[in-house]
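One structure is given here, and the rest of the page talks about it.
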Amino acid sequence: MSGWTWRYEAVDGSVMQGEGLADTAFPSQADAETWVGEAWRDLLAAGVESVSLLEDGRPVYEHMSLRPVE
């Protein structure tokens, strides 16, 4: 898969996969970031604690928490 994708991570840092977690490749970084900005609440509800943005499988930034800053 090429393009911009998200890696989903559990509270212990392990990679999450499965039903309900999109494996969509986005054509641009902006598209990927817009999507996660809209989907973060659903991801949290599915047990995702953090995400990493990948470009063609290479990390761009890692372990971005989905929890709101208090």
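Sequence positions, counted from 1, serve as the residue numbers for this chain.
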**Complete:** So CG of L43 and CG of L21: to nearest 0.5 Å the spacing works out to 6.5 Å

**Message:** Just verifying a value: how many Å separate E33 CD and Y61 OH, rounded to the nearest 0.5 Å?
**Reply:** 3.5 Å

**Request:** Without swapping roles, check the side chain of S52 against the backbone of R7 for a donor-acceptor pair under 3.5 Å.
**Result:** no

**Asked** Do L66 and V51 have side chains that get closer than 4.5 Å, going by heavy atoms?
**Response** yes

**Request:** May I have the step-by-step check of side chain to side chain contact (heavy atoms under 4.5 Å, CB included) for L53 and Q29, ending in yes or no?
**Result:** CA-CA 8 Å; L53 182 62; Q29 182 174 355; 3.7 Å; yes

**Asked** Can you tell me how far the CG atom of L54 sits from the CZ atom of R58, to the nearest 0.5 Å?
**Response** 10.0 Å

**Item:** Side chain D31, main chain F26, donor-acceptor under 3.5 Å
**Value:** no

**Prompt:** Going by distance alone, is a donor N or O of one side chain under 3.5 Å from an acceptor N or O of the other, for E49 and S65?
**Reply:** no

**Request:** Identify the heavy atoms of H63 and E9 that sit nearest to each other, and give their distance.
**Result:** ND1-OE1, 3.3 Å

**Polar side-chain atom of S14 near backbone of A10 as donor-acceptor pair, under 3.5 Å** = no

**Prompt:** For V48, which of W6, Y8, W40 qualifies under side chain to side chain contact (heavy atoms under 4.5 Å, CB included)?
**Reply:** Y8

**Complete:** Rounding to 0.5 Å, atoms CG (L44) and CZ (R67) come to a distance of 5.0 Å

